[in-house]
Every structure is written in C-alpha cells, then in structure tokens.
Amino acid sequence: MQLKILVADDDVIFRELVCDILKKEGYSSEQACDGQAALDVFFACDDFDLIILDVMMPIYDGWSVLKAIREYSEVPILMLTALGDEKHEVFGLQKGADDYIAKPFGYEVFVARINALVRNVKLHRLTEITFGEIKIKQETRSVFVNQHAIYLNRKEYNLLLYFVKNKGRILTREQILDNLWGYDFAGDMRTIDTHIKTLRAKLTSCGGMLKTIRGVGYMFEEDKL
C-alpha cells in the first residue's frame with residue numbers, strides 16, 4: 001500500500017518540487033498552501049502516514065499546526081524551515097516534531113530523512129493488535145472477534161482503533177469528534193453515539209468493552225472477571 005504524505009508550505013514552487021521528489025520515491029502526496037488548509041486537509045482525510053510542515057505559513061504558522069495535530073495524532077511530522085539555528089530545532093522537537101530540516105537542503109539528505117521516518121510507519125502497518133478477544137490486522141484493516149471476521153466501514157474501523165490505542169482511558173465526546181470527524185465538524189454530537197451503538201453491535205460479545213461514562217464520554221476496557 002502506497003504511503004500518503006501531506007506537504008504544507010506556502011511556496012507553491014517549493015511545494016510542488018517536494019511532491020515531485022516524493023512521487024519519484026514512490027509516495028503519494030497531498031498539498032496545503034497555508035496553516036488553515038493544512039489542518040483542513042489533515043482532519044478531512046485522517047489517513048496520512050507523514051506530514052511535511054513548513055514553519056513560516058500564513059493564517060496559522062507551523063508551530064500552531066503542529067500543536068493542533070499533536071493533540072489528536074502521533075503521525076510523524078517533519079518540520080521544514082529556513083530558521084536553521086539550533087534554538088528553533090530544539091523548540092520544534094520539544095513541541096512534538098519528529099525531525100527538523102532547514103532549507104535549502106540536498107536531495108539525498110531529504111530523501112534519507114523521509115525514508116527514516118516512514119520506516120517505523122511501515123513496521124507499524126505490519127503489526128497486529130490484540131485486546132481481549134479482538135484482533136486488528138492493520139496491514140489489511142481487518143478485524144476479528146473470537147476468531148470470526150467482522151465487517152467495519154472506514155469510520156467504524158478508525159473508531160475502534162482509536163479506542164483500542166487509548167484503552168483504559170476516558171475519552172470525551174469532543175475528543176472523539178475532533179480526532180475522527182475533524183476539529184471543525186459542524187454536525188450533531190449524537191453522531192458519535194450512533195456510531196458507537198453500531199460498533200458495539202458489530203463487536204458482538206466484545207461490545208460491552210465499549211463502556212459509557214455517564215456525563216463524560218466513553219472508555220474501552222476489557223471486562224473484568
């Protein structure tokens with residue numbers, strides 16, 4: 001499966017150059033011309049494997065975009081900037097960036113940084129997650145309950161994966177909504193309740209692991225004997 005990368009930079013020539021490089025290396029890419037567009041594209045798609053993020057952008061700068069994404073996702077982020085001093089590099093890494101490269105940079109160095117970041121993504125895709133009687137095969141996005149395959153649509157699969165990765169943690173409806181529907185979703189909060197009701201039913205005997213925390217949200221935990 002081709003890895004998908006979001007490239008956010010307000011310099012259209014540079015942005016397209018980066019996308020051309022990624023294409024030559026076998027990656028798929030989407031573009032964003034400013035910080036607002038970067039957030040819109042990211043939360044609309046929710047399936048990016050890596051983000052290349054410029055610091056100096058209109059509307060929201062790279063630091064603001066980094067902060068917003070880090071509240072809901074651990075997707076690898078490579079910061080691009082002309083601010084090549086050590087102070088800014090340390091600042092970016094402390095704020096949650098995975099790597100930092102200053103413009104201008106060489107082709108081979110850039111590709112090496114990208115390949116290093118996506119190496120872990122590829123390994124992660126091959127892993128299976130088992131929790132109780134639920135098994136998730138991330139490579140094929142397959143889900144099994146008590147060794148029986150169940151069908152989940154894209155949103156249901158992402159919802160289950162989000163709960164499993166946050167098992168034992170109370171998640172508010174706002175957190176779930178922002179993570180899976182996008183920070184600017186204008187729909188009804190009951191959308192979450194409807195999807196969770198459907199997911200519980202599809203999980204059959206494991207549906208009870210998805211617990212309602214009255215007045216707060218939901219928590220996913222294995223039933224205790």
Side-chain angles (χ1 to χ4, degrees), residues 1-127 138-139 158 161-162 165-166 178-180 182-184:
M1 186 181 295
Q2 195 175 39
L3 295 181
K4 186 175 179 181
I5 299 175
L6 172 60
V7 180
D9 194 300
D10 62 324
D11 184 334
V12 60
I13 295 177
F14 178 82
R15 193 171 68 241
E16 291 182 350
L17 174 62
V18 169
C19 289
D20 285 341
I21 293 174
L22 295 175
K23 184 177 181 180
K24 290 178 182 178
E25 295 298 318
Y27 301 117
S28 170
S29 63
E30 295 284 342
Q31 298 185 33
C33 61
D34 56 51
Q36 178 69 66
L39 291 173
D40 290 342
V41 173
F42 174 77
F43 284 109
C45 296
D46 72 31
D47 62 349
F48 288 103
D49 299 293
L50 173 67
I51 298 175
I52 299 174
L53 187 61
D54 187 39
V55 171
M56 305 299 291
M57 292 189 296
I59 307 181
Y60 298 124
D61 63 17
W63 306 130
S64 300
V65 176
L66 172 65
K67 179 181 178 182
I69 291 176
R70 273 293 168 262
E71 290 181 0
Y72 305 105
S73 174
E74 293 301 318
V75 59
I77 297 178
L78 171 65
M79 303 297 294
L80 290 181
T81 180
L83 305 174
D85 60 88
E86 186 175 310
K87 178 181 177 182
H88 283 98
E89 181 175 356
V90 171
F91 179 81
L93 295 174
Q94 288 177 337
K95 294 300 181 181
D98 294 273
D99 203 353
Y100 188 105
I101 188 169
K103 303 174 185 177
F105 48 77
Y107 180 98
E108 292 184 358
V109 172
F110 177 69
V111 170
R113 295 285 185 89
I114 295 296
N115 289 338
L117 287 172
V118 301
R119 193 174 298 124
N120 287 334
V121 175
K122 291 178 179 178
L123 289 173
H124 176 73
R125 278 192 169 188
L126 296 174
T127 61
Q138 295 188 86
E139 184 179 18
N158 289 337
L161 194 61
Y162 181 59
K165 289 183 176 180
N166 289 278
D178 288 344
N179 189 276
L180 298 176
Y183 72 102
D184 59 349

> What orientation do F105 and F110 show, parallel under 30°, tilted 30 to 60°, or perpendicular over 60°?
Replying inline: parallel

>> As an exercise, state the distance from CD1 of I77 to CD1 of I51, rounded to the nearest 0.5 Å.
In response: 4.5 Å

>> Run V55 and L80 through side chain to side chain contact (heavy atoms under 4.5 Å, CB included) and show every step you take.
In response: CA-CA 6 Å; V55 171; L80 290 181; over 6 Å; no

>> Between the side chains of D49 and K4, is the shortest nitrogen-to-carboxylate-oxygen separation below 4.0 Å, so that they form an ion pair?
In response: no

> How many angstroms lie between atom CG of N158 and atom OH of Y162, to the nearest 0.5 angstrom?
Replying inline: 12.0 Å

> Which heavy-atom pair separates M79 from A97 by the least distance, and what is that distance?
Replying inline: CG-CB, 3.5 Å

> With a 4.5 Å limit on heavy-atom distance, are the side chains of V65 and F42 in contact?
Replying inline: no

Check: residues 28-35 side-chain donor-acceptor pairs under 3.5 Å, at least two apart:
residue : atom : partner : partner atom : Å
Q31     : OE1  : R15     : NE           : 2.7
D34     : OD1  : Q36     : N            : 3.0
D34     : OD1  : A37     : N            : 2.7

> If you take all heavy atoms of Y100 and R113, which pair is closest and at what distance?
Replying inline: O-NH1, 2.8 Å

>> Strictly distance-based, threshold 3.5 Å: is any side-chain N or O of R70 a donor or acceptor partner for the main-chain N or O of V75?
In response: yes

> Hey, is D9 close enough to K103 for a salt bridge, meaning N to O under 4.0 Å?
Replying inline: yes

> Nearest 0.5 Å, what's the CG-CG distance between L66 and L53?
Replying inline: 6.5 Å

>> Are the side chains of I52 and L6 in contact, using a 4.5 Å heavy-atom criterion?
In response: no

>> Would the distance check show the side chain of D61 and the main-chain N or O of M57 forming a donor-acceptor pair, the cut-off being under 3.5 Å?
In response: no

>> Quick one: does any side-chain atom of R119 pair with a main-chain N or O of I114 as donor and acceptor, under 3.5 Å?
In response: no

>> For a quick test of reading the model, state the closest non-hydrogen atom pair linking D10 to P58 and the distance between them.
In response: CB-CD, 3.5 Å

What pairs of donor and acceptor atoms, side-chain ones from residues 16-27 against any protein atom, are under 3.5 angstrom apart with sequence neighbours left out?
residue : atom : partner : partner atom : Å
E25     : OE2  : Y107    : OH           : 3.0
Y27     : OH   : N115    : OD1          : 2.6

>> Taking side chain to side chain contact (heavy atoms under 4.5 Å, CB included) as the criterion, tell me which of V7, D99, D98 meets it with L78.
In response: D99

